[in-house]
Amino acid sequence: MIRKKNRIHRKAKKFNKQSDWNKFKKIRNKVTGLIRKSKEDYNNNLINKIMNGSPSCTNWWKTVKQFSGIKPSDKGIPPIERKGTLIFDDIEKANEFNSYFASQSKLDDIETDNLSNLNDAVNNLNEIELNETEIEDTLNVLNPSKASGFDTLSPSLLKEASSIIKYPLCKLFNLSLRKAEFPSQ
């Protein structure tokens, strides 16, 4: 109908006949009515989807956002005011947040002896022993629809190959824990 309206409009402009203009006005009003009706049907469909169905939380919020017309904004952190001046630079904003949160907590310097116990935690890593069943169970609960990590191995591939790769991964993890080192590759 919109294409037909546009064709008649071009014809009316080209020939400038009153009959073409009347035809154009008639179809324009019809198209406007159809568009309004379609928008109303769409909104009613969204309302029914929220009210009558039992959508998941994600689908419910998606529908509400569609209905409300709220667009997501990715404008980042807004300017921050510090001592009457506005900060626009992202690094300055981060530093301002850091100094604020750092000022909210005070470390008790008297108990610095507890920090020496952190070195003992590294020595306890070699006491952890993983078994193949734990590795396979962890691989089997991976969500295959998630994106690959930095290693570019897809979760679906890891999940499918879990019974095959559980042994080498177990050896690698246990060796890493025994040596208290993370492999470079």
Report task. Find out if a path of hydrophobic residues (ILVMFWY) with successive side-chain heavy-atom gaps under 4.5 Å connects I2 to Y42. Result -> no

Report task. Could you tell me which residues satisfy side chain to side chain contact (heavy atoms under 4.5 Å, CB included) with E134, sequence neighbours excluded, listed by chain and number? Result -> L130, N131

Query raised in the report: What closest approach, in Å, do N143 and P155 show between heavy atoms, and which atom pair accounts for it?
Result: O-CB, 3.4 Å

Requested in this report: Could you grab the distance from atom CD1 of I128 to atom CG of L177, nearest 0.5 Å is fine?
Outcome: 5.5 Å

Report task. Hey, could you give me each pair passing side-chain hydrogen bond (donor to acceptor under 3.5 Å, both in side chains) that has a residue in residues 11-20? Not counting sequence neighbours. Result -> N16-W21, Q18-N22

Query - More than 12 heavy atoms of other groups within 6.0 Å of L153 CG - result: yes

Query raised in the report: Got a sec, which residues hit side-chain hydrogen bond (donor to acceptor under 3.5 Å, both in side chains) with K5, two or more places apart in sequence or on another chain?
Result: none

Report summary line: Here the gap from N140 atom CG to I135 atom CD1, rounded to the nearest 0.5 Å, amounts to 11.5 Å

Query raised in the report: In Å and rounded to the nearest 0.5 Å, what is the CG to OG1 distance from L157 to T152?
Result: 10.0 Å

Query raised in the report: Can you list every pair that meets side-chain hydrogen bond (donor to acceptor under 3.5 Å, both in side chains) and has a residue in residues 28-37, with sequence neighbours left out?
Result: K37-D41

Requested in this report: Only pairs at least two apart or in different chains count here, so list each side-chain hydrogen bond (donor to acceptor under 3.5 Å, both in side chains) that has a residue in residues 76-89.
Outcome: R82-E96

**Report entry** Under the side chain to side chain contact (heavy atoms under 4.5 Å, CB included) test, residues paired with K179 that sit two or more places apart
**Finding:** L175, E181

Query raised in the report: Atom NZ of K26 and atom NZ of K23: how far apart are they, to the nearest 0.5 Å?
Result: 9.5 Å

Query - With sequence neighbours excluded, residues passing side-chain hydrogen bond (donor to acceptor under 3.5 Å, both in side chains) with S154 - result: S156

**Report entry** By side chain to side chain contact (heavy atoms under 4.5 Å, CB included) - contacts of K39 (at least two apart)
**Finding:** I35

Query raised in the report: To the nearest 0.5 Å, what is the distance between OG (S38) and CG (N45)?
Result: 12.0 Å

Requested in this report: Any chance you could pull the hydrophobic cluster mates of F88, using side-chain heavy atoms under 4.5 angstrom and chaining through other members?
Outcome: L86

Pair up each side-chain donor or acceptor in residues 165-173 with any protein partner under 3.5 Å, not counting sequence neighbours, and list the distances.
unit_1 : atom_1 : unit_2 : atom_2 : d
K166   : NZ     : E136   : OE1    : 3.1

Report summary line: For T138, the side-chain hydrogen bond (donor to acceptor under 3.5 Å, both in side chains) test, sequence neighbours excluded, returns none

Query raised in the report: Out of curiosity, M1 CE to L34 CG, how far, rounded to the nearest 0.5 Å?
Result: 6.0 Å

Requested in this report: Could you list the residues that satisfy side-chain hydrogen bond (donor to acceptor under 3.5 Å, both in side chains) with N6, not counting sequence neighbours?
Outcome: none

